[in-house]
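Here is the structure we will look at.
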Number of protein chains: 2
Amino acid sequence: MADPIKNILKNNHDIKVNGSLWLESADGHFFGPGPVELLERIAETGSINMAAKAMNMSYKKAWALVNALNTQTSTPVVIAQTGGKKGGGSTVTHEAIELIKYHRQLRERFKDFLEKETQLLKT
Amino acid sequence: MADPIKNILKNNHDIKVNGSLWLESADGHFFGPGPVELLERIAETGSINMAAKAMNMSYKKAWALVNALNTQTSTPVVIAQTGGKKGGGSTVTHEAIELIKYHRQLRERFKDFLEKETQLLKT
DNA sequence: AATCGTTATATTTTAAAAGACATAACGATG
DNA sequence: CATCGTTATGTCTTTTAAAATATAACGATT
């Protein structure tokens with residue numbers, strides 16, 4: 001029979017199957033783990049700036065992500081307000097929350113898949 | 001209830017869940033789609049050089065991949081021979097074939113997962 | 001010992017991505 | 001109407017990754 005994979009690999013302990021998921025359309029992928037976390041942080045902090053800092057990302061990159069998301073959804077997911085009492089801020093729409101929830105569940109299912117495969121690897 | 005995701009996304013047709021899988025150990029990931037294809041091509045052509053060309057990869061990168069694989073497996077997966085009647089060449093070990101087979105099956109199961117999720121996305 | 005195409009490796013160049021920095025607009029509020 | 005922190009952009013620099021180029025070793029075969 002075939003050799004178990006674990007015997008082929010060096011350091012066969014702590015070897016695991018890992019991966020990444022994203023949503024994509026014809027014009028490339030656009031909704032991966034990064035944007036999701038950003039949305040979550042914006043929802044928490046009410047600010048693109050603070051959200052970016054919290055995940056150690058430049059404001060510019062964060063803004064670009066938000067902008068990309070907003071143009072790729074039929075309804076904006078982040079509503080930014082410039083000026084105002086606190087200088088401005090951003091809120092997250094109902095749709096964004098749905099996206100976040102969806103992605104959390106998706107990630108959960110993916111995690112199950114990965115764990116199952118990792119187990120299989122060790123047999 | 002929650003809005004279906006497809007209604008949130010623009011271009012809701014041809015939207016799909018996609019992803020990537022790899023094996024990884026404590027010291028980073030090392031066995032992704034690229035290396036697998038490379039092994040397959042080396043098995044076909046008997047040469048790292050030709051395999052690299054076939055997948056439009058520089059020889060250097062191909063060699064680096066092979067080298068990484070060989071150092072991360074308990075037994076080499078590619079045996080390279082320098083010099084010789086045809087200048088040299090490379091063969092693939094039994095273990096490499098096992099790895100290829102494993103990865104094909106893994107990819108098949110992943111494909112199922114992705115298709116299931118893509119369907120779910122459209123409901 | 002000359003030849004051949006491949007392996008093996010170093011060095012340089014190019015390209016792309018990321019990061020740093022700078023600046024203006026904005027508008028509620030005091 | 002001056003202030004504030006945020007949004008919104010542009011530009012310039014740095015870092016990183018990839019690609020291109022160059023060169024030597026290798027050994028069966030002729």
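Every chain is numbered from 1 and lettered A, B, ... according to where its sequence line falls, protein lines coming before strand lines. Remember, predicted model here, so these are calculated numbers, not experimental data.
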Would you say dT7(C) has OP1 or OP2 under 4.0 Å from some side-chain N or O of Ser90(B)? yes
So which nucleotide from dT7(C), dT9(D), dA18(C) ends up closest to the side chain of Lys61(A)? dA18(C)
Spacing between Met57(B) atom CE and dA18(D) atom C1', to the nearest angstrom: 12 Å
Please report the shortest heavy-atom distance between Ile48(A) and Trp63(A), naming the atom on each side. CG2-N, 4.2 Å
How is Gly84(B) classified with respect to the nucleic acid when contacts are heavy atoms under 4.0 Å: base, sugar-phosphate, or nothing? base
What's the CG-P distance between Leu65(B) and dT7(C), to the nearest Å? 14 Å
What about Lys60(A): does its side chain form a donor-acceptor pair under 3.5 Å with the base of dG10(D)? yes
Hey, which sits more toward the 5' end of DNA chain D by its nearest nucleotide, Gly83(A) or Val66(A)? Gly83(A)
Rounded to whole Å, CG of Asn56(B) lies from C1' of dA18(D) at a distance of 13 Å
Within this structure, what is the OH-to-C1' distance between Tyr59(B) and dT6(C), rounded to whole angstrom? 7 Å
To the nearest angstrom, the CH2-P distance between Trp63(B) and dT23(D) comes to 20 Å
Quick check: are there more than 12 heavy atoms from other residues, nucleotides or ligands sitting under 6.0 Å from NZ of Lys85(B)? no
Which heavy atom of Leu39(A) sits nearest a heavy atom of Val92(A), and at what distance? O-CG2, 4.0 Å
Counting side-chain heavy atoms from CB outward, which of dA25(C), dT6(C), dT9(D) is closest to Thr82(B)? dT6(C)
Pairing of Glu108(A) and Arg104(A) as salt bridge, 4.0 angstrom limit: no
Taking all non-hydrogen atoms of both residues, which atom of Leu38(A) and which atom of Ala51(A) are closest, and how far apart? CD1-CB, 4.1 Å
Looking only at side-chain atoms of Ile48(A), point me to the closest of dT7(C), dA8(D), dA28(D). dA8(D)
Using whole Å, what does the distance between atom P of nucleotide dC26(C) and atom CD of Gln81(A) come to? 14 Å
Hey, which of these two, Ser58(A) or Gly88(A), hits DNA chain C nearer its 5' end, going by closest nucleotide? Ser58(A)
Check the distance between dT9(D)'s P and Asn67(A)'s CG and give it to me in whole angstrom. 7 Å
To the nearest Å, how far apart are Lys86(A) NZ and dT29(C) P? 12 Å
